Amino acid sequence: MELYKKYPVKITNSLGGKKEEFKPIKPPFVGLYSCGPTVYNEVHLGNLRTFTAFDIVYRYLTFIGYKVRYVRNITDAGHLTNDAGQGVDRIEERAKLEQLEPMEVVQKYTVGFHEVCRIFNIIPPSIEPTATGHIVEQIEMVKQIIANGFAYEKNGSVYFDVRKFMEKHEYGVLSGRNIDELMEGSRELNRQDEKKNPVDFAIWKGVSENHIQRWPSPWGEGIPGWHLECSVMGTKYLGKEFDIHGGGMDLKFPHHECEMAQNIGAYGTPAVKYWMHSNMLTVNGQKMSKSLGNSFLPRELFTGNHPLLERGFTPMTVRFFMLQSHYASTLDFSNEALVAAEKGFKKLMQACATIKNMEHPGGKAENPELDKTILELNSECFITMSDDFNTAKTLAVLFEMVNRINDFKSGNSSVKSISESNFKEFKETFLGFVKDVLGLQEETSQSDNLVKGVIELLIELRKKARTDKNFALSDRIRDDLKALGVQLKDGKDGDIDFTID
RNA sequence: GGUUCCGUGGCCGAGUGGCUAGGCUGAGCUCUGCAAAAGCUCCUACAGCGGUUCGAAUCCGCUCGGAACCUCCA
C-alpha cells in the first residue's frame, strides 16, 4: 500500500479555513504551485521561511509516494506599487539606482536567490517560470477575460471589473473581504483614477515613454498586472484545475484573491483546490519586512554582523529553528531562540551519525515492549507530518528517537532489544525524515576532513595513554583539544567520539 | 475605522474538551579514573474575569495586551 494511502494527508485550506483531507485531482499526481520572489533585491529570512515551508510540502508529498510537479515562479517583471499609476516599479527603481538594465537587476537577484536556496537546502522546483517569459500567455488571458466581459480597457491599461464579476461570481471569499467595506476605505484615494471602481485592479498596465521594461500588446506598450502571472503560469503548467497553491500570508489579499478572480474570469474555474498560507517571521513580535527595515539577510546571519545577533549562525541552524514551529504560526526570530536551536540541531545530527554506523546483528526482539515502541515511533513520524505538515510535532517524535538511539549507543539498551527488521525500518525512517523530509544535513567543510584525521590520531594516542593509566597525558590531550574547541566524549566500551564547536 | 489572528512553564514553541509535546536553560541521580557526552528524574504552564460541561489551556462571553491584512511585501 502506498504511504499516502496509509497516512492520508490533512491540509488546512485557507479557503474555508478548515483542516481537510487532501484528495488530489489525479492521484498519484499532485500539482503544487507556490509564489516565488520578486527579484528586485536580496531575499531575507522572512522570505525564506515561506520557501522552506513549501519545500517541506514538496519533500513530504514526494516522500510518501506522490508524483509532485512543483511550480514556483520568479517575478521578474516590474509592477507598480499601486494601480492608480503613481506607484513605483521596484525593478525599474533598482535598475535606475544601480544604472543597470532591468534584466540585469533581475538576473543578479535571481542568481542570488538560487544560491541562498542551495545553502538552505531548498530543493529547486520542477518548473521555475518567469513572468517575462510568459508575456504572450498573459496577453492571451487578458483577452479572454475581456471577451468574457469581466475587464475593460482605459488609456492603454486593462482593469478587472470587480463589480461586473460579482454579478456572477463571488469575490473576497479567500480573504474574507467585504467589497463594500473595502470601497469605504479607499473612496477618497484617487478621484482621477482610471478605474471605474476603486477595488478594480490592473491586469495590463500601460506605461509612460521613459519606462524601460515594456512589451507591446493590443492595448499599447505596457507591463502585465502583478496578479496575472501566477494565474497564467499556474494553469499553464498544472492545468485549469490543480491541487495546491501556496504563498505567504501577506499575499492572501489582494494577490491570491485577484488570482482566483482572474482564473474564474478567464476559465470559469477557481483553479486551486487547496490554498495554503505560511505565516510571518517576526522580530520582537513584528513582521520581518524590507519596508520596516527589520529584516535579516542570509549573510548577516552567517557572519553575525547584525545588531540583534551576538554571533553568526549556520543555515541548518536556521532551517531547524524554522521547523520547530508550525508553518501557519508566526515565529519570532531572536538570538536566544537561535542558540537553543543550534544545540538541538547538533544533538539531532549527532544521533544521525550514530545510527548511520549502527548495525543489527540479526535475530528476534529481546524486548517486545521496546520493539513495539520503536514501531510506534516510526509511524508517528508519518502521522505528525500528514497532520498538516506539522514539523514541530515531527521533531518531537524524532527527539524521542534520538533518546532511543543514544540508549543503544551508551549500552542502556541493546539493538538486540528490537527485531532486525524493526531496526532497519527505524533507521530508515529516522534518517529519511531528518534528511529527506525535513531537509536537514550535516554542515562540514573540506578542511574538516583533514582536521578529523588529525583528531583521530590524537584520540588513538589518548587511548594508549589511558590503557597505560597515564591520566596526566590523557587529560592533557583532552583539555588542550577542548581549549581549541574539540570536545572528546569517552564511550563505555573505550570508543571515543568528538564534536567540533 | 473594517476584517482576521494570537496571548502556553526561566526562554523558544506544539497541542485545541479528559491522557508527559519537544528543544534550550537550571537542579539532582546513574554511568565514568576524573570530566564531557548520554540516559533518567524534577522545576507540571496555559493573559484576567465570568459562563457552558461530570470535566476547559482547549468551547462561549467580556476585559486587558500584542500582531497581520485592508498600499509593494514571503
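Letters A, B, ... are given to chains in the order of the sequence lines, protein chains preceding strands, and every chain is numbered from 1. Source: prediction; values computed, not measured.
The C1' atoms of B:rG18 and B:rA57 are separated by 13 Å, rounded to the nearest whole Å. B:rA27 and B:rC62 have their C1' atoms separated by 42 Å, with the value rounded to a whole Å. Comparing B:rU71 with B:rU25, their P atoms are spaced 46 Å from each other, to the whole Å. For B:rU52 and B:rG61, the P atoms lie 15 Å apart once the distance is rounded to whole Å. B:rA14 and B:rU53 are spaced 26 Å apart, taking the C1' atom of each and rounding to whole Å. With C1' as the reference atom, B:rC5 and B:rA47 are 16 Å apart, rounded to whole Å. B:rG26 sits 39 Å from B:rC60 when the C1' atoms are compared, rounded to a whole Å. The separation of B:rA45 from B:rA36, taken at their C1' atoms, amounts to 32 Å, rounded to a whole angstrom.
Contact annotation: the side chain of A:Thr52 approaches that of A:Ile122 to within less than 4.5 Å [non-hydrogen atoms, C-beta and beyond].
Residue A:His326 has its side chain nearest to B:rA14 when only B:rA36, B:rA14, B:rA74 are considered. The side chain of A:Arg404 lies closest to B:rC40 when the candidates are B:rA38, B:rC40, B:rA35. Each of B:rA74, B:rC69, B:rC34 was ranked by its minimum atom distance to the side chain of A:Phe51; first place goes to B:rA74. Relative to the side chain of A:Gln286, the nucleotides B:rU25, B:rA67, B:rC34 differ in distance, and B:rA67 lies closest. Proximity note for A:Arg177 (side chain, C-beta onward) versus B:rC70, B:rG39, B:rG22: the nearest is B:rC70. Here the nucleotide nearest the side chain of A:Arg462, chosen from B:rC72, B:rG39, B:rG33, is B:rG33. Closest to the side chain of A:Met280, from the set B:rG39, B:rC34, B:rA74, is B:rA74. Each of B:rC34, B:rC40, B:rA36 was ranked by its minimum atom distance to the side chain of A:Asn403; first place goes to B:rC40. Checked against B:rA74, B:rC34, B:rG23, the side chain of A:Arg478 finds its nearest nucleotide in B:rC34. The A:Asn390 side chain lies nearest to B:rG15 when the options are B:rG15, B:rG22, B:rC11.
For the pair A:Arg177 and A:Phe253, the cation sits on the ring face: its NZ or CZ lies under 6.0 Å from the ring centre, inside 45° of the axis.
Straight-line distance from the CG atom of A:Leu174 to the P atom of B:rC5: 14 Å, rounded to whole Å. Put simply, CZ on A:Phe253 is 17 Å from P on B:rC5, counting in whole angstrom units. Taking atom NZ of A:Lys290 as the reference point, atom C1' of B:rU71 lies 16 Å away to the nearest angstrom. Rounding to whole angstrom units, CD of residue A:Glu336 and P of B:rG13 are separated by 11 Å. A straight line from CG of A:Leu331 to P of B:rA68 spans 15 Å, rounded to a whole angstrom. Here the P atom of nucleotide B:rG23 and the CG atom of A:Asp332 are 21 Å apart, to the nearest Å. Look at CD on A:Glu400: it is 13 Å from C1' on B:rA14, rounded to the nearest Å. In this structure, the CG atom of A:Leu440 is 19 Å from the P atom of B:rG22, given to the nearest Å.
Remark: B:rC31 base-pairs with no nucleotide in the shown strands. Criterion, Watson-Crick or G-U wobble with two distances under 3.5 Å. In this entry B:rC64 has B:rG7 as its Watson-Crick or G-U wobble partner, both defining distances falling under 3.5 Å. Across all strands shown, B:rA14 has no partner, as no Watson-Crick or G-U wobble contact with both distances under 3.5 Å is found. B:rC59 and B:rG51 make up a base pair, with Watson-Crick or G-U wobble contacts both under 3.5 Å. Searching all strands for a Watson-Crick or G-U wobble partner of B:rC19 with both distances below 3.5 Å returns nothing. Applying the Watson-Crick and G-U wobble criteria (two distances, each under 3.5 Å), B:rC42 pairs with B:rG26.
Ring centroid separation for the pair A:Phe333 and A:Phe321 comes in under the 6.0 Å cut-off.
Taking the 5.5 Å centre cut-off and the 30° plane limit, the aromatic side chain of A:Phe471 is classed as stacked on B:rG33.
Between A:Phe382 and A:Phe433, the two ring planes are perpendicular [angle over 60°; tilted spans 30° to 60°]. In this structure, A:His255 and A:His227 have tilted ring planes: the angle between them lies in the 30° to 60° band. Under the 30°/60° scheme for interplanar angles, the aromatic rings of A:Trp275 and A:His277 are found to lie parallel. Below 30°, between 30° and 60°, or above 60°: for A:Phe408 and A:Phe426 the angle between ring planes is above 60°, a perpendicular geometry.
Atom NZ of A:Lys464 sits in a sparse spot, with 12 or fewer heavy atoms from other residues, nucleotides or ligands closer than 6.0 Å.
In this structure, A:Lys347 and A:Ser474 both approach RNA chain B, and ranking their closest nucleotides by distance from the 5' end singles out A:Lys347. Take the nearest nucleotide of RNA chain B for A:Asn279 and for A:Lys393: the residue whose nucleotide is more 5' is A:Lys393.
For the pair A:Ser334 and B:rC12, the criterion of a side-chain N or O lying under 4.0 Å from OP1 or OP2 is not met. In terms of phosphate contacts, A:Lys252 brings no side-chain nitrogen or oxygen within less than 4.0 Å of OP1 or OP2 of B:rU4. Side-chain nitrogen and oxygen atoms of A:Arg466 include none within less than 4.0 Å of the OP1 or OP2 phosphate oxygen of B:rA35. Contact annotation: A:Asn406 side-chain N/O to B:rA38 OP1/OP2 distance is not under 4.0 Å.
Residue contacts shown for A:Gly285 are limited to sugar-phosphate atoms, with no base heavy atom under 4.0 Å away. Residue A:Ala337 is in sugar-phosphate contact alone, with no base atom involved, counting any heavy-atom pair closer than 4.0 Å across all strands shown. At a threshold of 4.0 angstrom between heavy atoms, the contacts of A:Ser278 with the nucleic acid are absent. Across all strands, A:Lys287 comes closer than 4.0 Å to base atoms (heavy-atom distances).
Here the CE-NZ distance, from A:Met249 to A:Lys287, works out to 10.5 Å after rounding to the nearest 0.5 Å.
Counting atom types as modelled, A:Asn178 pairs no side-chain N or O with a base atom of B:rG2 as donor and acceptor under 3.5 Å.
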